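As the structure is a computational prediction, the values presented were derived from the model and not from experiment. Position 1 is the first residue of the sequence, and the numbers go up from there.
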Amino acid sequence: MAAGKTSDKPAATGVSPDQPDPKTPWAPENDEAPLHHKPVHPDALSSGRADTSGLQLDMPSPTGPYSVGMVGLHLVDKSRTDPYVFGNTPRELMVSLFYPATATSGHYQAPWMPSISGAHFLASRGLSPQQVTLPRTAGHVLAPVNTKLGKLPVLLYSTGLHSDRAMGTAHAQDLASRGYLVVMVDHTHDANEVQFPGNRLEVNTMPAGAHSSDTLKVRAADIRFVINQLGTISKGGNPDAGHATLPSGLSGAVDMSRIGMFGWSLGGGAVDTAMQLDHRIAAGADLDGQFFGTAPSKDLDRPFMLFSSGTHNRNNDGSWRTLWSHLKGYRVDVQLHGAAHLSFSDNEWMVPQEAGLLGLSQAQLQQQFGTIDPNRAVKVQCDYLAAFFDQELRGKHSTLLDGPSRSYPEISFVR
């Protein structure tokens, strides 16, 4: 896991190269937390149940008016082979759907990450389930969809390089509580750990030195496939490979005519590539991620939001300048002061809670995550994401996008 180094060195002008400079704080090499990733032997994961005397992590609560449901799906794309493993293995994905729900009583709250992948996640950081208990999310598994809301606008989420879909959970459950169907995608064998049914764990097998533009093409194809599976659900089908139970009311809740996408870091870079590949994605938002390859130099006629940390914007990232000049639809560029690159992931609220166990000082935390309060960072990000997607997918204009707001002094507009 690469250290999240900070540097004032500007990115190269023009489209960023496929091999990013790891000294750049928003480069994909810095997408995973502040310690070096440690190899984990599978036998180390069967070390028993979490010790209740260990550290219990808490995550920010959703701020919207609706309760939240959740379901995980196992999807198999038989039309593609997995580019990261040998042989003719079909591409497999795990996704999580968060949505507004009713009657959540009796539906347990989904864990932030399943037990096997969660243990692997902790072990890679030198921690164990005995030391740290990962939190429960606000998502109640298989709770009925709130059908009173009618068809729900869809938001897809792609996470950072070698990161897990769980890293966007705070955003996903908050947006779901505001009436969105949020679909979080794990990019198998790019992610450090993905747990499939039957307690099967798949880890990162991406070749060293893989070109970021190629990685984005794989992610964009993953997203297009997931959108196709949402179409199957909207027609009353069940695309889950094991025909797992779907929540009541889900098929009638998928609005295939209102689809947006957001992502963090490399996942943010994937938004533009995915929008170029699939015109069903009507609006996109990039959370502090560089762009790679030829996609940013192609015109895009759909709305796009650039949302950056305090040390990153199009003034020092050539890939952002290139994309900005090719955005032909509505465009907005906002900057969150006091935030760092990792502030746009669940690391923002998680790592400060674990700082003592990780041996991180306050100065190191500020280097990794900036000076903004973790809960405030999540709230501001969710408020501006919701304002953007409310405007573009729901036709509800928000004055937050008109310019600076006294209620959000951390936000500036890059003009």
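- Checked against the 6.0 Å centroid criterion, the rings of F344 and F307 qualify as a close aromatic pair.
- In this structure, S115 OG and M113 CE are separated by 11.5 Å, a value rounded to the nearest 0.5 Å.
- Within the 4.5 Å cutoff, side-chain heavy atoms of K217 are placed close to those of D214.
- A side-chain N or O of D288 and one of H312 form a donor-acceptor pair less than 3.5 Å apart.
- Side chain of D240 to main chain of L73: no donor-acceptor pair is present (N/O by atom type, distance under 3.5 Å, no hydrogens or angles).
- Between S158 and V185, every side-chain heavy-atom pair lies at or beyond the 4.5 Å cut-off.
- Side chain of T133 to main chain of Q56: no donor-acceptor pair is present (N/O by atom type, distance under 3.5 Å, no hydrogens or angles).
- Summarising the geometry of W349 relative to D58, their closest heavy-atom pair is CE3-O, 3.2 Å, with the distance given to 0.1 Å.
- A donor-acceptor contact shorter than 3.5 Å is absent between the side chain of T159 and the backbone of S163.
- Atom CD1 of I227 is separated from atom CE of M256 by 6.5 Å, given to the nearest 0.5 angstrom.
- In this structure, Q131 contributes its side chain and G54 its backbone to no donor-acceptor pair below 3.5 Å.
- In this structure, Q195 and R200 have side chains that are not in contact, with every pair of non-hydrogen atoms separated by 4.5 Å or more.
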Open item on the list: Between E354 and L122, does the side chain to side chain contact (heavy atoms under 4.5 Å, CB included) criterion hold? Intermediate values first, please.
Closed with: CA-CA 11 Å; E354 302 170 325; L122 289 171; 4.3 Å; yes
- [ ] Evaluate the salt bridge (Lys or Arg N to Asp or Glu O under 4.0 Å) criterion for residues D222 and R80: first the C-alpha distance (whole Å), next the side-chain angles of each, then the deciding distance (0.1 Å), finally the verdict.
- [x] CA-CA 10 Å; D222 287 346; R80 289 190 297 150; 2.7 Å; yes
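- The backbone N or O of P303 lies less than 3.5 Å from no partner atom in the side chain of R331, so there is not a single donor-acceptor pair.
- The closest donor-acceptor contact from the side chain of D164 to the backbone of A191 lies at 3.5 Å or more, if one exists at all.
- At least one donor-acceptor pair closer than 3.5 Å links the side chain of Q109 to the backbone N or O of T137.
- In this structure, Q173 CD and H171 NE2 are separated by 10.5 Å, a value rounded to the nearest 0.5 Å.
- Using a 4.5 Å heavy-atom cutoff, the side chains of M305 and D286 are not in contact.
- Side-chain contact between V380 and L336 is present, with heavy atoms from C-beta onward closer than 4.5 Å.
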Open item on the list: Under the criterion side chain to side chain contact (heavy atoms under 4.5 Å, CB included), I'd like the reasoning laid out for M167 against N347: C-alpha separation, chi angles, the key distance, then a yes or no.
Closed with: CA-CA 7 Å; M167 275 295 164; N347 284 310; 3.2 Å; yes
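- To the nearest 0.5 Å, atom CG of residue D301 and atom CG of residue L327 are 10.0 Å apart.
- With a 4.5 Å cut-off on side-chain heavy atoms, K396 and Q391 do not count as touching.
- Residues A172 and M184 share a closest heavy-atom pair of CB-SD, 3.4 Å.
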Open item on the list: For L127 and L357: C-alpha separation, side-chain torsions, deciding distance, then whether side chain to side chain contact (heavy atoms under 4.5 Å, CB included) applies.
Closed with: CA-CA 8 Å; L127 301 172; L357 291 172; 3.9 Å; yes
Task: Audit row: R178, D383, salt bridge (Lys or Arg N to Asp or Glu O under 4.0 Å) steps and yes/no - done: CA-CA 10 Å; R178 301 176 190 233; D383 285 352; 2.5 Å; yes
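- Residues H189 and D82 have side chains that bring a donor and an acceptor to within less than 3.5 angstrom of each other.
- In this structure, R91 forms no cation-pi arrangement with Y84, as its terminal cationic atom is not both closer than 6.0 Å to the ring centre and no more than 45° off the ring axis.
- Y384 meets the ring pair (Phe, Tyr, Trp, His ring centres under 6.0 Å) test with Y408; sequence neighbours excluded.
- Atom CG of N313 is separated from atom CD of Q335 by 4.5 Å, given to the nearest 0.5 angstrom.
- Among all heavy-atom pairs drawn from E410 and I372, the shortest one is CG-CD1, 4.3 Å.
- In this structure, T205 contributes its side chain and V85 its backbone to no donor-acceptor pair below 3.5 Å.
- The local environment of CZ in R376 is crowded, with over 12 non-hydrogen atoms from other residues, nucleotides or ligands closer than 6.0 Å.
- Checked by atom type, the side-chain pair S343/E348 shows a donor-acceptor distance below 3.5 Å.
- Counted within 6.0 Å of OH on Y108, heavy atoms from surrounding residues, nucleotides or ligands total 12 or fewer; the atom is thus considered open.
- Side chains of N88 and T81: no donor on one and acceptor on the other come within 3.5 Å.
- Counted by atom type alone, R280 and S257 present zero donor-acceptor pairs between their side chains at under 3.5 Å.
- The pair R314-D317 does not count as a salt bridge, with every side-chain nitrogen at least 4.0 angstrom from each carboxylate oxygen.
- Taking every heavy atom of both residues into account, T273 and A220 meet most closely at CG2-CB, 3.8 Å.
- If you check the side chains of H397 and D390, you find no donor sitting under 3.5 Å from an acceptor.
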Open item on the list: Using the rule given for side chain to side chain contact (heavy atoms under 4.5 Å, CB included), can you reason through F291 versus L216, listing the C-alpha separation, both sets of side-chain angles and the distance that settles it, and then say yes or no?
Closed with: CA-CA 9 Å; F291 301 103; L216 294 184; 6.0 Å; no
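- L342 and Q368 get closest at one heavy-atom pair: CD1-OE1, 3.4 Å.
- The aromatic rings of Y157 and F262 sit tilted, their planes meeting at an angle between 30° and 60°.
- Among all heavy-atom pairs drawn from A176 and V68, the shortest one is CB-CG1, 4.0 Å.
- H337 and S412 share a side-chain donor-acceptor pair at under 3.5 Å.
- Here the two rings, on W112 and F121, have centers that are under 6.0 Å apart.
- Between R219 and L266 there is a side-chain heavy-atom pair separated by less than 4.5 Å.
- Taking 4.5 Å as the limit, some side-chain heavy atom of L55 sits within range of a side-chain heavy atom of L57.
- To the nearest 0.5 Å, atoms CG (L181) and CG (L156) are separated by 8.5 Å.
- H187 and R165 form no side-chain donor-acceptor contact under 3.5 Å, judged by distance and modelled atom types alone.
- Although no hydrogens or angles enter the test, the distance criterion places no donor-acceptor pair under 3.5 Å between the side chain of Y66 and the main chain of L149.
- Using modelled atom types and a 3.5 Å distance limit, the side chains of D31 and S265 yield a donor-acceptor pair.
- Formation of a donor-acceptor pair under 3.5 Å by the D255 side chain with backbone atoms of P153 is not found in this model.
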